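Order of the sequence lines sets the chain letters (A, B, ...), proteins ahead of strands, with each chain counted from 1. Values reported hereafter were calculated over all heavy atoms of this structure, with side chains retained and with hydrogens, waters and symmetry mates removed. Just so you know, these numbers come straight off a predicted model, no measurement behind them.
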Protein chains: 2
Amino acid sequence: MGTTATEAAPEPKYWHLRTVLVRTIDAEFSTGEVLPNERDLAARFGVARATLRQALDQLELEGRLVRRRGIGTLIAAPRIGIPVAEPTGLEPAGSDTWRIIDCGVGPAPAAVAEALGLEPGSGVHSVRRVRMMAGQAVGTETLFVPGTVMPHVPGFLADSSRARAVLKQFQALPVESESRSVELGVAEEEPARLLERPPGIPVLVLTTRYFSAEGGPLAVSVSTYRADTCKLTFGEAGVEVRAAS
Amino acid sequence: MGTTATEAAPEPKYWHLRTVLVRTIDAEFSTGEVLPNERDLAARFGVARATLRQALDQLELEGRLVRRRGIGTLIAAPRIGIPVAEPTGLEPAGSDTWRIIDCGVGPAPAAVAEALGLEPGSGVHSVRRVRMMAGQAVGTETLFVPGTVMPHVPGFLADSSRARAVLKQFQALPVESESRSVELGVAEEEPARLLERPPGIPVLVLTTRYFSAEGGPLAVSVSTYRADTCKLTFGEAGVEVRAAS
DNA sequence: GAGTGGTCTAGACCACCGT
DNA sequence: CGGTGGTCTAGACCACTCC
């Protein structure tokens with residue numbers, strides 16, 4: 001490993017490694033190809049495996065690599081663009097669908113109660129869904145609607161039927177405006193399971209609040225999207241959906 | 001260190017640790033307080049320091065902790081809500097300001113050319129700015145406008161003056177619609193420096209495309225916001241700005 | 001200088017995948 | 001089974017901040 005000159009750099013090895021790998025990947029690899037295994041790569045660059053992994057971690061966070069246990073490290077497909085609905089109605093087309101998981105009624109979690117302007121512990125309906133795109137689970141959503149907003153949901157139905165009832169009533173609500181926020185998070189056990197990934201993977205957390213004309217909160221939805229494979233898109237235009245092969 | 005029973009868990013130690021730490025933090029610490037140092041914490045939990053750090057990494061990604069070299073690990077302030085302008089005009093209030101870095105003219109990077117529907121290497125104006133909020137640098141933006149859209153920018157001005165000229169002309173453009181996307185990335189050297197952070201920190205990458213009434217792209221801006229301390233907000237409502245103390 | 005987090009090492013074992 | 005990534009260890013040294 002002849003040192004290539006320009007030695008004294010206050011730059012961490014793993015960052016330099018990342019740079020080199022980015023260049024190599026962009027130049028010599030294409031989607032779906034597998035990189036050499038970590039032990040070989042580490043040896044080739046003359047670093048410990050942990051250091052190499054630190055570089056790969058970065059590239060995975062950027063969505064450039066996918067690591068599969070037992071298989072190897074491969075070049076990731078471009079991120080899937082996930083349309084975030086602008087108008088309240090307007091339902092999805094093609095391979096963009098939701099799968100209902102369950103539906104419950106109960107006291108609102110503290111954060112939800114606050115977002116809805118409710119007393120802590122007020123009753124809310126909650127519907128959990130998984131968003132499927134191109135056959136993959138890309139995100140989870142939990143919709144919270146205060147019981148006061150939606151008092152007439154039949155209690156005797158099965159989960160999935162009740163969920164549909166809640167969603168239907170939700171779409172009929174006089175939603176006048178919405179506000180959203182996007183932030184970084186990590187998937188807890190529950191969402192991770194729904195996304196068929198281990199807990200701890202990075203997710204984009206999308207929180208949407210729905211308001212009535214009077215400005216009162218009507219509902220809140222909290223969604224988590226796989227940050228490695230997804231890109232949230234707002235506004236018309238590019239509904240570019242490129243699936244992984 | 002009495003093993004607490006329920007041993008055989010296929011759950012990684014670092015994830016369990018994270019759970020414990022979350023509970024402890026929520027219950028016993030508040031913003032700005034410092035945690036015990038990593039070596040002590042690791043010893044207390046009976047794990048190697050690297051394992052403890054893995055747990056802390058997660059919490060930092062979630063914006064719950066801030067680690068400062070030479071100081072310690074402290075409880076982070078709630079994330080700052082960053083309004084993403086809805087209407088084209090509408091300029092910020094209060095402590096939300098932009099600081100111009102520089103302004104250039106030159107061939108468009110490949111990705112930019114594609115987003116603008118230009119031939120690779122076409123000339124574009126580019127303006128770089130840093131967004132300041134509550135006295136902190138929270139994000140960087142580079143605005144790209146095709147030279148063809150803006151042919152009359154004086155070349156003899158100083159950087160900052162030219163930047164202002166480009167921004168002024170940009171605001172006068174007949175922008176009819178915008179589309180945005182948000183994804184996860186890591187800060188490269190340049191943005192990292194502007195954000196006064198080391199390279200590699202996670203950022204939310206916001207890409208905005210501006211279209212004319214005819215549907216042609218007028219400009220593109222690429223922004224990076226610190227994912228640890230920021231939360232992007234869309235739509236009216238909560239312009240909740242809570243600064244770190 | 002003492003104390004902190006940041007980087008790096010060299011090794012080990014485990015969980016998973018294919019054959 | 002052999003090969004892959006995932007986890008974990010016990011140590012070392014560095015860069016930074018404060019006293």
Side-chain angles (χ1 to χ4, degrees), chain A residues 1 3 7-19 21 32-61 64-76 186-187 192 196-202 228, chain B residues 1 3 7-19 21 32-61 64-76 186-187 192 196-202 228:
Chain A
M1 308 299 107
T3 58
E7 212 72 22
E11 181 192 52
K13 280 190 187 177
Y14 75 87
W15 183 256
H16 178 249
L17 248 186
R18 172 195 166 276
T19 308
L21 286 171
E33 287 191 79
V34 291
L35 262 55
N37 74 57
E38 297 183 349
R39 289 160 180 90
D40 285 357
L41 275 179
R44 177 175 320 183
F45 288 109
V47 300
R49 191 177 157 219
T51 304
L52 174 79
R53 279 182 62 80
Q54 222 177 329
L56 294 182
D57 285 345
Q58 297 260 352
L59 296 174
E60 201 177 21
L61 212 60
R64 292 171 171 275
L65 296 181
V66 182
R67 290 192 275 188
R68 296 209 197 135
R69 197 200 296 238
I71 305 288
T73 302
L74 18 162
I75 310 298
V186 304
E196 297 161 334
R197 305 259 78 198
I201 62 162
D228 54 348
Chain B
M1 309 242 151
T3 59
E7 212 72 24
E11 181 192 54
K13 279 191 188 176
Y14 75 88
W15 183 256
H16 179 248
L17 249 186
R18 171 195 167 276
T19 308
L21 287 170
E33 286 192 79
V34 293
L35 262 53
N37 74 58
E38 298 182 349
R39 288 160 180 90
D40 284 355
L41 275 180
R44 176 175 320 182
F45 288 111
V47 300
R49 191 178 155 217
T51 304
L52 173 80
R53 279 182 62 80
Q54 222 177 329
L56 294 183
D57 285 345
Q58 297 260 354
L59 297 174
E60 202 177 21
L61 212 60
R64 292 171 171 276
L65 296 180
V66 182
R67 290 192 276 189
R68 297 210 197 132
R69 199 199 296 237
I71 305 288
T73 302
L74 16 161
I75 311 297
V186 305
E196 297 160 335
R197 302 261 78 196
I201 63 162
D228 54 347

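Comparing C/dG6, D/dT7, D/dA10 by their nearest atom to the side chain of B/A48 picks out D/dA10. When distances are taken from the side chain of A/P12 to each of C/dT7, D/dG6, D/dC8, the shortest belongs to C/dT7. Closest to the B/R69 side chain, of the nucleotides C/dG6, D/dC8, C/dT9, is C/dG6.
Of all the heavy atoms in A/L52 and A/A42, the pair that sits closest is CD2-N, 3.7 Å. When every heavy atom of B/V66 is checked against every heavy atom of B/A76, the shortest pair comes out as CG2-CB, 3.4 Å. The shortest non-hydrogen separation linking A/L41 to A/P36 is CD1-O, 3.6 Å.
Rounded to whole Å, atom P of C/dG6 lies 13 Å from atom CD1 of B/I201. Protein atom CD of B/Q54 is 8 Å distant from nucleotide atom C1' of D/dC8, rounded to whole Å. The CZ-P distance, from B/F45 to D/dT9, rounds to 13 Å in whole Å. In this entry the distance linking CG of A/D57 with P of C/dG6 reads 15 Å, nearest Å. The separation between B/I71 atom CD1 and D/dC16 atom P is 13 Å, rounded to whole Å. A/L56 places its CG atom 16 Å from the P atom of C/dT7, with the value rounded to the nearest Å. In this structure, CD of B/E38 is placed 16 Å from P of C/dG3, rounded to the nearest angstrom. At whole-Å resolution of the value, CG in A/L74 and P in D/dG5 are 9 Å apart.
Below the 3.5 angstrom threshold, one finds no donor paired with an acceptor across the side chain of A/R68 and the base of C/dG18. Taking 3.5 Å as the limit, the base of C/dG3 and the side chain of B/R39 contain no donor-acceptor pair of atoms between them.
DNA chain C is contacted by both A/R49 and A/W15; A/W15 maps to the nucleotide lying nearer its 5′ end (nearest heavy atom per residue). Comparing A/E60 and A/G70 against DNA chain D, the residue whose closest nucleotide sits nearer the 5' end is A/G70. Heavy-atom nearest nucleotides on DNA chain C were determined for B/A50 and for B/L35, and the one closer to the 5' end corresponds to B/L35.
Listed pair B/T51 / D/dT7 fails the phosphate criterion, with no side-chain N or O lying under 4.0 Å from OP1 or OP2. When the side-chain nitrogen and oxygen atoms of A/R67 are compared with OP1 and OP2 of D/dG6, one or more of them lie within a distance under 4.0 Å. Put simply, B/N37 has a side-chain N or O that comes within less than 4.0 Å of OP1 or OP2 on C/dT4. Using a 4.0 Å cut-off, some side-chain N or O of B/Y14 falls inside it from OP1 or OP2 of D/dT7. Residue B/T73 places at least one side-chain N or O closer than 4.0 Å to OP1 or OP2 of C/dG5. Between A/R53 and D/dG6 there is a side-chain N or O to OP1 or OP2 distance below 4.0 Å. Contact annotation: B/K13 side-chain N/O to D/dG6 OP1/OP2 distance is not under 4.0 Å.
In this structure, B/D57 pairs ionically with B/R67, as a charged nitrogen and a carboxylate oxygen lie closer than 4.0 Å.
Two residues are said to be in side-chain contact when any heavy atoms from C-beta on lie closer than 4.5 Å; B/L65 and B/I75 meet this criterion. Put simply, the side chain of B/V47 reaches to within 4.5 Å of the side chain of B/L17, judged on heavy atoms.
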